[in-house]
Amino acid sequence: MRSIKLTFLFILTLFASSLIAQQGMDNKVKEFRKKLSAELKSNYKLYNFPSAARVDTVYIDKNKNLTVVFNRRSSGNVLRENDITSTTGRLTQFKDKNGFKENGLKIFVGAFELKEMVPNYYRVNMDQDPLRLPAERNKFSLVSNEDRPYDIKYGLTGRNIVVWNSHGWYYSHEDDRWQWQRARLWGAVEDLLTTSMVVPYLVPMLENAGAGVFLPRERDFQTREVIVDNENPDGKSRVEGFESWKTEGKGFLNIPDGYDANVNPFRLGTFIKTMTSSMGENKLRYIADIPEEGEYAVYVAYGKDSDSKNIPDALYTVYHAGGKTSFRVNQTAGWGTWIYLGTFKFPKGSDREKAAVVLSNKSNFEGNVTSDAVRFGGGMGVVKRNGKTSGKPKFVEAARYYLQYSGVEDTLVYNMGKDIDDYVDDYRSRAEYANWLNGAPAGPNKQKDNEGLKIPIDLTMAWHTDAGILGADSTIGTLMIYSSVGIDTTIFPGGRSRMANRDLADIVQSQIVDDIRYHFDKKWSRRELMDANYAEAVRGNIPGILLELLSHQNFAEMKFFWDPKFRFTASRAIYKGMIKFISHANKEKYAIQPLPVNGFSAILDGQNVNLVWEPVTDPLEPTASPEGYIVYRREEMEALIMVHLPVPTVLLTVTSRKGKS
């Protein structure tokens with residue numbers, strides 16, 4: 001009995017000693033955390049951390065490593081391999097000096113180790129992180145220009161990008177009125193400033209590089225709109241040849257008076273279909289009655305065949321003032337919405353040869369070609385709130401309303417708040433739109449396995465400008481926001497690490513800052529790489545970023561902004577950053593499109609015209625060297641004649657026929 005008591009007492013003593021030792025270690029760890037927090041607050045720059053860095057937790061792991069976890073904002077600085085070495089070394093010294101010399105060190109920022117803050121693109125000695133690389137897939141182009149006179153080998157062909165221009169004109173339930181989402185500052189409003197960069201600069205650059213570009217807001221500045229649909233003829237606008245086509249499923253129906261909230265225009269009408277033919281004898285001609293001469297975006301819509309026989313090469317031909325341009329549209333995706341073909345000039349009136357879209361059933365595949373309405377121009381807002389439309393052009397309106405007009409699923413994308421706050425629904429909808437285009441397994445967060453439109457999206461970007469003032473001639477600069485965490489996990493559907501977001505953010509921000517410093521302001525400020533749960537950054541199930549290019553309230557930055565060259569340079573930097581991210585992740589070569597020529601002039605020389613220009617090289621991008629030029633010549637209002645110059649020619653002589661060209 002005595003032996004049992006002594007044994008029990010011995011065990012109890014050991015347990016108590018162990019407990020006391022553990023408490024002592026816990027206190028030691030707590031004291032270390034307190035010291036490190038104070039050190040970080042005073043000397044954050046010494047450790048390559050931003051001022052927002054904080055120590056979240058400190059503990060000893062099962063391998064006796066002292067594990068330090070910093071908050072997500074601690075990753076705000078640009079970090080390269082040498083920065084990781086420096087930070088690790090200094091923290092190791094601090095650990096050793098404060099009683100943990102016998103312990104190893106593990107450093108985390110949020111859910112990731114510190115070394116993971118270095119993007120794959122900038123790694124030299126570190127191994128590539130395979131988890132942040134995309135799954136292999138075939139390139140997919142929804143729309144292909146059949147008349148493009150050259151192939152884009154090292155661009156963005158087969159890649160699809162969703163970009164949006166921040167805020168827009170929206171309906172306030174509280175005030176019962178339509179208004180801007182952002183304040184008017186010094187004669188400008190962010191809702192339009194970003195539009196003036198995204199639409200005329202960034203989008204054409206991406207499309208010229210071969211990308212499919214999708215916007216959750218209307219892209220066309222044309223305030224007039226013509227809908228051509230066999231179900232609802234509009235004046236002299238009409239459809240020819242539809243009598244031999246078969247009515248199929250639900251499709252678009254034009255309601256000139258507008259649509260009530262959350263009504264899907266693509267569920268009100270029907271679409272039609274016919275079998276394909278190698279001869280293409282069954283054509284539809286959509287003829288528009290153009291109200292005024294000008295440039296109009298052309299959109300087409302088609303339906304999902306109930307027999308699952310949609311074809312990948314539907315042939316559309318746009319007849320316009322400059323001739324005709326043909327496109328192949330892959331109808332195995334992108335059903336029940338507006339699909340942009342291009343922007344063209346059209347004469348006033350109804351002209352079947354200069355203001356029409358022809359869809360042929362000629363195809364290299366057996367199946368069905370489907371067709372719905374064709375739209376010319378952006379037009380005015382048509383979505384009603386409390387019985388009234390916005391009174392503004394569609395391109396001014398917020399994404400929420402254009403998404404409704406485009407047939408997007410309401411409760412999955414733009415109406416997630418029970419229809420009581422358009423402001424919140426709008427900023428939530430933008431990334432969800434990209435999810436909807438993409439579809440399963442990366443569909444909208446409410447239903448990730450939703451089929452969507454089966455358009456594989458490679459990346460997204462929200463373009464904003466924010467407010468703030470600095471004195472003298474200082475710039476607030478460029479902030480980039482991303483999220484290493486999604487709605488529920490650090491992994492994208494499909495298994496890709498959300499640290500791909502940081503890679504994209506770092507590459508694009510680095511390119512922007514480097515280019516602006518080279519061309520405009522050597523002191524341009526590079527702000528934080530902010531890891532935060534902003535809706536536009538966190539809701540996307542595809543790599544995405546939120547850019548705050550500059551402050552639209554600060555004079556030093558706005559004096560640059562109003563220079564078209566600045567807007568061009570900033571947009572080109574974004575395009576360069578995007579292609580570098582995509583090409584590196586997919587292990588592909590890339591080439592940047594050359595800069596526009598300088599000094600273009602046309603000099604009369606008797607019956608000849610000498611066209612002269614000067615090639616321009618990009619000092620920041622060696623791949624952007626021109627290999628040749630394509631010159632177009634128009635004779636009166638006839639088709640453009642193309643002249644392909646395969647070498648960097650700087651002089652072209654054209655024989656002029658007086659009054660003809």
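Values below: every heavy atom of this structure, side chains too, minus hydrogens, waters and symmetry copies. If you're wondering where the values come from, they're calculated on a predicted model, not measured in any experiment.
Residues passing the side chain to side chain contact (heavy atoms under 4.5 Å, CB included) test with Ile152 are Arg148, Tyr150, Thr157, sequence neighbours excluded. Partners of His167 under the ring-ring contact (aromatic ring centres under 6.0 Å, His included) rule, at least two apart in sequence or in another chain, are His464. A search for side chain to side chain contact (heavy atoms under 4.5 Å, CB included) contacts involving Tyr518 returns Pro619, Leu620, not counting sequence neighbours. Residues passing the ring-ring contact (aromatic ring centres under 6.0 Å, His included) test with Phe376, sequence neighbours excluded: Phe346. With sequence neighbours left out, the ring-ring contact (aromatic ring centres under 6.0 Å, His included) criterion links Tyr340 to Tyr299. Judged as a side chain to side chain contact (heavy atoms under 4.5 Å, CB included), and not counting sequence neighbours, the contacts of Ala398 are Tyr170, Gln181, Tyr401, Asp426. In this structure, the side chain to side chain contact (heavy atoms under 4.5 Å, CB included) partners of Lys523, at least two apart in sequence or on a different chain, are Asp521. The ring-ring contact (aromatic ring centres under 6.0 Å, His included) check on Tyr302 picks up nothing, with sequence neighbours excluded. Remark: Glu548 pairs with no residue by the salt bridge (Lys or Arg N to Asp or Glu O under 4.0 Å) rule, at least two apart or across chains.
For Glu353 and Lys324, the salt-bridge test fails: no basic side-chain N is under 4.0 Å from an acidic carboxylate O. A salt bridge between Glu295 and Arg224 is absent, with no side-chain N of the basic residue lying under 4.0 Å from a carboxylate O of the acidic one. Contact check on Glu293 versus Lys348 returns no salt bridge, with no Lys/Arg side-chain nitrogen under 4.0 Å from an Asp/Glu carboxylate oxygen. Glu225 has a carboxylate O that lies under 4.0 Å from a charged side-chain N of Lys394, or vice versa, which qualifies the two as a salt bridge. Residues Asp506 and Arg526 are paired through a salt bridge, judged by an N-O separation under 4.0 Å between the basic side chain and the carboxylate. Salt bridge Arg217/Glu397: absent, no basic N to carboxylate O contact under 4.0 Å. Taking 4.0 Å as the cut-off between side-chain N and carboxylate O, Asp313 and Lys362 do not count as a salt-bridged pair. Using a cut-off of 4.0 Å between Lys/Arg side-chain N and Asp/Glu carboxylate O, Arg572 and Glu621 are scored as not salt-bridged.
The two residues Ala321 and Pro347 come nearest to each other via the heavy atoms CB-CD, 4.2 Å. The two residues Asn310 and Thr332 make their nearest non-hydrogen contact at O-CG2, 3.5 Å. Across Val226 and Ala288, no two heavy atoms sit closer than the pair CG1-CB, 4.0 Å. Tyr482 and Leu529 get closest at one heavy-atom pair: CE2-O, 3.7 Å. In terms of heavy atoms, Ser551 sits closest to Ala467 at OG-C, 3.6 Å.
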May I have the step-by-step check of side chain to side chain contact (heavy atoms under 4.5 Å, CB included) for Val163 and Met578, ending in yes or no? CA-CA 11 Å; Val163 297; Met578 287 179 173; 4.1 Å; yes
Do Asn120 and Leu133 pass the side chain to side chain contact (heavy atoms under 4.5 Å, CB included) test, and can you show the C-alpha distance, the side-chain angles, and the key distance before you say yes or no? CA-CA 9 Å; Asn120 276 344; Leu133 300 177; 3.7 Å; yes
Would you sort out whether Ile476 and Leu550 count as a side chain to side chain contact (heavy atoms under 4.5 Å, CB included), showing the intermediate values? CA-CA 7 Å; Ile476 292 174; Leu550 49 74; over 6 Å; no
Given Phe566 and Trp524, is the ring pair (Phe, Tyr, Trp, His ring centres under 6.0 Å) satisfied, shown in steps? CA-CA 13 Å; Phe566 177 88; Trp524 187 266; 5.7 Å; yes
Full working for side chain to side chain contact (heavy atoms under 4.5 Å, CB included) between Asn501 and Ile545: CA-CA 7 Å; Asn501 289 340; Ile545 51 178; 5.5 Å; no
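Within 6.0 Å of the CG atom in Asp605, the count of heavy atoms belonging to other residues, nucleotides or ligands exceeds 12. At most 12 non-hydrogen atoms from other residues, nucleotides or ligands lie less than 6.0 angstrom from CZ of Arg184. Other residues, nucleotides and ligands contribute more than 12 heavy atoms inside 6.0 Å of the CD atom of Glu281.
A distance of 6.0 Å or more separates the ring centres of Phe344 and Tyr296. Checked against the 6.0 Å centroid criterion, the rings of Trp164 and Trp463 do not qualify as a close aromatic pair. The distance between the ring centers of Phe252 and Trp338 falls below 6.0 angstrom.
Between Thr325 and Thr317, every side-chain heavy-atom pair lies at or beyond the 4.5 Å cut-off. Under the 4.5 Å side-chain criterion, counting only non-hydrogen atoms from C-beta, Arg238 is not in contact with Asn230. Lys576 is listed as a side-chain neighbour of Asp515, based on a closest heavy-atom distance under 4.5 Å. Side-chain contact between Arg527 and Thr478: absent, with no pair of heavy atoms (C-beta onward) separated by less than 4.5 Å. Asp563 is not listed as a side-chain neighbour of Phe568, based on a closest heavy-atom distance of 4.5 Å or more. Inter-residue side-chain proximity for Val162 and Tyr433 is flagged as met; some heavy-atom pair is nearer than 4.5 Å. Contact annotation: the side chain of Thr337 approaches that of Leu453 to within less than 4.5 Å [non-hydrogen atoms, C-beta and beyond]. Contact check for Leu142 versus Phe214: side-chain heavy atoms found under the 4.5 Å cut-off.
In this structure, Ile603 CD1 and Asn610 CG are separated by 6.5 Å, a value rounded to the nearest 0.5 Å. Atoms CZ and OG1, on Phe560 and Thr569 in that order, are 11.0 Å from each other to the nearest 0.5 Å. Interatomic distance, OG of Ser360 versus CG of Leu315, reported as 5.5 Å (0.5 Å rounding). Note that CD1 of Ile287 and CD of Glu240 are 3.5 Å apart. Values are rounded to the nearest 0.5 Å. Leu215 CG to Leu202 CG: the interatomic distance, rounded to the nearest 0.5 Å, is 9.0 Å. How far CG of Leu549 is from CZ of Arg567: 11.0 Å, rounded to the nearest 0.5 Å.
Within the structure, side-chain hydrogen bond (donor to acceptor under 3.5 Å, both in side chains) pairs that include any residue of residues 589-601 comprise Tyr575-Gln593 (at least two apart or interchain). Applying the side-chain hydrogen bond (donor to acceptor under 3.5 Å, both in side chains) test to pairs two or more places apart or on separate chains, those with a residue in residues 201-212 are Glu207-Arg219. Sorted by first and then second residue, the pairs that involve residues 152-167 and meet salt bridge (Lys or Arg N to Asp or Glu O under 4.0 Å), not counting sequence neighbours, are Arg159-Asp458, Arg159-Glu588.
No donor-acceptor pair under 3.5 Å is formed between the side chain of Arg328 and the backbone N or O of Val143.
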